[in-house]
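For reference, the structure is listed below as structure tokens.
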Amino acid sequence: MSVRRVEGLTIEGWSPEYGAPVEGDQDEMPAAQVDAGAEVPEDEWRPVDPGSDAWMPASVDFVDGVRRIEARIWITGEDGEARLGICASYAAGVVRCDRKAEIRAVKVGRGFFALAPVPDLATRAGTFAGCPVAEDDIQQLVNGLQERMGLLEVEVAGPAGSPDALIVLDGPLRGRQRIQGAVGYVKSHRVQYLPVGPRKVVAALAPGQRTPVFLIQTKWTRYSWYMRLSEADGHPWAGIVRCEAWSESGLEKVRRIADATGAALPRFASEPHKDDRAPQNLYPIAGLERELRRRLGDRGMVLRALQRAVWGFRP
């Protein structure tokens, strides 16, 4: 049986921020099964107020990650065939908000994603650790990067958590199951999960109100609800976000968490003159993203370090 060996590396000239000249198809979103009557029957859906007895967490921990493809690397094997890989940087952190906002943890990683065998690539900007993937199309490479970033988010969130804190993860929960009691915070709506009647309730929400909790089942199962952060100009869903919680938490605990999101999160909503993604891009998340991107280092410096490492590479 022949064994693949790395014989040479070449950095592609096409800038990573503009995509690639050759890319595979994007993964399709899985079909979802939805139980809109998980909390109340579908025909009884009404906007839900947090209520005066809603849990108000002592603090809110916002967890987020950023990633950046530094370069696409063409890897030449013994057979002379070239296959695609990427070198990427990623970072994750936690910012805690009680009476002030404070960054509690930040970690940075760098990876070289490609078909095995993939070597570690030592550079002056740090070592890009070899991270094997099953396929070398660009989407699978990015999936590998996303997985590593998610693991880093779990790592930084673990020691930072507090029993009295609401833990908010920017983005869906998928891949971050080990952060117990966390809420996934989804700013955009790529998939329409609800039938017509419940969708009208979403449009009727006032700031701080949420929909009843419903259950979504795709390749993983979670509870979800929509809430309105603040008044926003535009279409009826302007200012609407969707939250997720793991079904293993139990419906009663999820209802308590859902009420807490309505009570606690609207005060962090951004404003259009300060953020292009207002109001959904919460101020603590935006600030954390800026710090994480700074920690990745200067893009030009990292690329130059990669170029020197690739030019001097010997298998």
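Just so it is clear, the values below take in all heavy atoms, side chains as well, and ignore hydrogens, waters and symmetry mates.
- Rounding to the nearest 0.5 Å places CG of Leu115 at 4.5 Å from CG of Asp136.
- Side chains of Asp35 and Gln217 form no contact here, defined as non-hydrogen atoms less than 4.5 Å apart.
- The closest donor-acceptor contact from the side chain of Gln140 to the backbone of Asp137 lies at 3.5 Å or more, if one exists at all.
- Annotation for Asp276: atom CG does not count as buried by contact number, only 12 or fewer foreign heavy atoms lying within 6.0 Å.
- With respect to the salt-bridge test (charged N to carboxylate O, under 4.0 angstrom), the residues Arg46 and Glu44 do not qualify.
- Atom CD of Glu135 is surrounded by 12 or fewer heavy atoms from other residues, nucleotides or ligands within 6.0 Å.
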Stepwise, does the side chain to side chain donor-acceptor pair (under 3.5 Å) test hold for Asn143 with Gln139? CA-CA 6 Å; Asn143 288 346; Gln139 187 58 47; 3.0 Å; yes
Val156 vs Arg104, test: side-chain contact (heavy atoms from CB on, under 4.5 Å). Steps then yes/no. CA-CA 9 Å; Val156 298; Arg104 300 297 298 269; over 6 Å; no
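- In this structure, Met149 and Ala91 approach most closely via the heavy-atom pair CG-O, 4.2 Å.
- Here the closest heavy-atom approach between residue Pro57 and residue Ala260 is recorded as CD-CB, 4.2 Å.
- Put simply, the side chain of Glu153 gets close to the backbone of Gly65: a donor and an acceptor are under 3.5 Å apart.
- Side-chain atoms of Arg210 do not come within 3.5 Å of backbone N or O of Leu205 as any donor-acceptor pair.
- Although no hydrogens or angles enter the test, the distance criterion places a donor-acceptor pair under 3.5 Å between the side chain of Arg222 and the main chain of Trp220.
- Counting heavy atoms from C-beta on, the side chains of Phe112 and Ile75 come closer than 4.5 Å.
- The closest side-chain heavy-atom distance from Ser224 to Tyr193 is not below 4.5 Å.
- The OG atom of Ser247 sits 12.5 Å away from atom NZ of Lys253, with the distance rounded to the nearest 0.5 Å.
- A donor-acceptor contact shorter than 3.5 Å links the side chain of Asp120 to the backbone of Gly130.
- Between Leu229 and Leu282 there is a side-chain heavy-atom pair separated by less than 4.5 Å.
- The shortest distance between side-chain heavy atoms of Val310 and Leu121 falls below 4.5 Å.
- Within 6.0 Å of CZ on Arg124 lie no more than 12 heavy atoms contributed by other residues, nucleotides or ligands.
- The nearest pair of heavy atoms linking Arg110 to Tyr90 is N-CE2, 3.8 Å.
- Atom CG in Leu84 sits 7.0 Å away from atom CZ in Arg72 (nearest 0.5 Å).
- For the pair Cys243 and Tyr185, the tightest heavy-atom approach, listed with the atom from each and the gap, is SG-CD1, 4.5 Å.
- Taking the side chain as every heavy atom from C-beta outward, Pro47 and Val201 approach each other to under 4.5 Å.
- Between the side chain of Thr123 and the backbone N or O of Ala305 there is no donor-acceptor pair closer than 3.5 Å.
- Residues Met56 and Leu265 are members of separate hydrophobic clusters, defined by side-chain heavy-atom contacts under 4.5 angstrom among Ile, Leu, Val, Met, Phe, Trp and Tyr.
- The hydrophobic clustering, which links ILVMFWY residues whose side-chain heavy atoms are closer than 4.5 Å, places Ile240 and Trp45 together.
- Of the inter-residue distances, the one linking Thr221 atom OG1 with Glu248 atom CD reads 7.5 Å to the nearest 0.5 angstrom.
- Between His189 and Trp237, the ring planes lie perpendicular to each other; the angle is over 60°, past the 30° to 60° tilted range.
- Hydrophobic cluster membership is shared by Val168 and Leu292, with clusters built from Ile, Leu, Val, Met, Phe, Trp and Tyr side chains linked at under 4.5 angstrom.
- The aromatic rings of Phe214 and Tyr226 lie parallel to each other, their planes meeting at an angle below 30°, with 60° marking the opposite boundary.
- A side-chain donor-acceptor contact under 3.5 Å links Tyr283 to the backbone of Glu271.
- Considering all non-hydrogen atoms of both residues, Pro279 and Gly239 come closest at CG-CA, 3.7 Å.
- The cluster map of Ile, Leu, Val, Met, Phe, Trp and Tyr, joined by side-chain heavy atoms under 4.5 Å apart, puts Val186 and Val66 in different clusters.
- Looking at Glu244, its side chain never comes within 3.5 Å of a backbone N or O of Gly184 through a donor-acceptor pair.
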Evaluate Trp55 against Leu166 for side-chain contact (heavy atoms from CB on, under 4.5 Å), listing each step before the verdict. CA-CA 10 Å; Trp55 171 46; Leu166 176 66; 4.3 Å; yes
Where do Leu251 and Arg255 land on the side-chain contact (heavy atoms from CB on, under 4.5 Å) test, with the steps shown first? CA-CA 6 Å; Leu251 181 57; Arg255 290 176 65 176; 4.1 Å; yes
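- Annotation for Phe113 and Leu141: closest pair O-CD2, 3.3 Å, computed over non-hydrogen atoms.
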Test side-chain contact (heavy atoms from CB on, under 4.5 Å) on Leu296 and Val108 and set out the steps. CA-CA 7 Å; Leu296 295 183; Val108 177; 4.3 Å; yes
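- To the nearest 0.5 Å, atoms CG (Leu306) and CG (Leu303) are separated by 6.5 Å.
- The only member of Arg295, Arg68, Arg67, Arg277 that meets salt bridge (Lys or Arg N to Asp or Glu O under 4.0 Å) when paired with Glu289 is Arg277.
- No side-chain heavy atom of Val48 sits less than 4.5 Å from a side-chain heavy atom of Trp225.
- Ile103 places a side-chain heavy atom less than 4.5 Å from the side chain of Glu291.
- If you chain together hydrophobic residues whose side chains sit under 4.5 Å apart, Phe128 and Val118 fall into the same group.
- The structure places CZ of Arg96 at 8.5 Å from CD1 of Ile167, a figure rounded to the nearest 0.5 Å.
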